[in-house]
Amino acid sequence: MPSFYQDVYRAVRMIPPGRVATYGAIAAMIGRPMDARAVGYALRALPDGTDVPWHRVINAKGTISLKDRAPNETSCQRTLLEREGVEFDARNRVDLRRHGWMGLLPEP
DNA sequence: CTAGTGACTGTTT
DNA sequence: AAAACAGCCACTA
């Protein structure tokens with residue numbers, strides 16, 4: 001099992017409720033500032049029913065990815081975030097200035 | 001090993 | 001503001 005996946009999952013798990021983190025933030029948190037893409041890949045392979053709150057991970061623009069994959073899934077993610085307390089604007093975008101969670105603690 | 005792909009990002013048109 | 005380009009990393013064929 002690649003440690004990269006475990007690192008990503010661990011970082012996502014420590015995201016507090018009501019907050020969202022960008023792929024870049026997760027990548028930087030695990031010590032790889034330019035691995036945002038790989039982070040997305042790791043989350044993509046994540047199975048349903050996992051303990052990892054993958055719905056709290058969004059792209060840097062504050063929008064939900066997967067737009068070209070399945071509108072159903074994106075809607076589910078938006079609903080989950082709203083339930084957590086995250087507010088979306090008219091364009092389905094999150095205000096990262098308010099809900100954007102900065103790792104605050106870089107891992108050694 | 002090389003080549004192609006992708007839940008990304010920052011810079012440049 | 002939106003679209004295009006290039007860069008980085010992990011995975012698959």
Side-chain angles (χ1 to χ4, degrees):
Chain A
M1 178 103 12
S3 64
F4 179 77
Y5 277 39
Q6 291 297 323
D7 290 342
V8 173
Y9 300 155
R10 189 150 23 107
V12 175
R13 268 199 214 97
M14 84 166 111
I15 299 176
R19 299 273 170 142
V20 293
T22 65
Y23 293 91
I26 300 296
M29 198 184 307
I30 65 179
R32 288 175 168 73
M34 308 233 159
D35 277 11
R37 213 160 198 166
V39 172
Y41 205 92
L43 292 180
R44 174 193 176 267
L46 201 61
D48 289 349
T50 178
D51 50 344
V52 179
W54 59 272
H55 51 271
R56 293 183 192 146
V57 184
I58 57 180
N59 58 2
K61 296 177 184 65
T63 60
I64 299 175
S65 303
L66 288 178
K67 57 180 171 126
D68 289 330
R69 202 162 189 271
N72 214 3
E73 304 280 325
T74 47
S75 301
C76 184
Q77 182 169 7
R78 191 186 88 247
T79 303
L80 285 166
L81 287 174
E82 285 179 344
R83 184 199 278 174
E84 296 267 331
V86 179
E87 297 180 8
F88 283 74
D89 65 354
R91 292 230 285 334
N92 276 345
R93 294 205 325 181
V94 181
D95 189 346
L96 294 172
R97 317 254 253 173
R98 280 171 79 70
H99 301 104
W101 179 62
M102 325 230 159
L104 288 174
L105 56 117
E107 298 225 356

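Throughout, a chain's letter reflects where its sequence line sits, starting with A, and its residues are numbered from 1.
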Verify the contact: side-chain N or O of A:Ser65 to OP1 or OP2 of B:dC8, cut-off strictly under 4.0 Å; return yes or no.
-> yes

OP1 or OP2 of B:dT5 less than 4.0 angstrom from a side-chain nitrogen or oxygen of A:Arg37, does that happen here?
-> no

Of the non-hydrogen atoms in A:Arg93 and A:Lys61, which two are nearest, and what is the gap between them?
-> CD-O, 4.0 Å

Between A:Trp101 and A:Ala25, what is the shortest heavy-atom contact and its length?
-> O-CB, 4.4 Å

Quickly work out the [X] [atom1] to [N] [atom2] distance and round it to whole Å.
| X | N | atom1 | atom2 | result |
| --- | --- | --- | --- | --- |
| A:Asp7 | C:dA10 | CG | P | 11 Å |
| A:Trp54 | B:dC8 | CH2 | P | 13 Å |
| A:Ile26 | B:dC8 | CD1 | C1' | 13 Å |
| A:Lys61 | B:dC8 | NZ | P | 9 Å |
| A:Gln77 | B:dA7 | CD | C1' | 8 Å |
| A:Phe4 | B:dC8 | CZ | P | 13 Å |
| A:Leu46 | C:dC11 | CG | P | 14 Å |
| A:Met29 | B:dT9 | CE | P | 13 Å |

Could you say whether A:Ala38 or A:Thr22 is positioned toward the 5' end of DNA chain B, judged by the nucleotide with the nearest heavy atom to each?
-> A:Ala38

Is there a side-chain contact between A:Val20 and A:Leu81 (heavy atoms, below 4.5 Å)?
-> yes

Could you grab the distance from atom OH of A:Tyr9 to atom CE of A:Met14, nearest 0.5 Å is fine?
-> 15.5 Å

N/O donor-acceptor pair, side chain A:Tyr41 with base B:dA7, under 3.5 angstrom = no

Choosing from C:dC9, B:dG10, B:dA7, which nucleotide comes nearest the side chain of A:Asp35?
-> C:dC9

Closest to side chain of A:Tyr5, choosing from B:dT9, C:dA10, C:dC9 | C:dA10

Electrostatic pair A:Asp35:A:Arg32 at N-O distance under 4.0 angstrom = yes

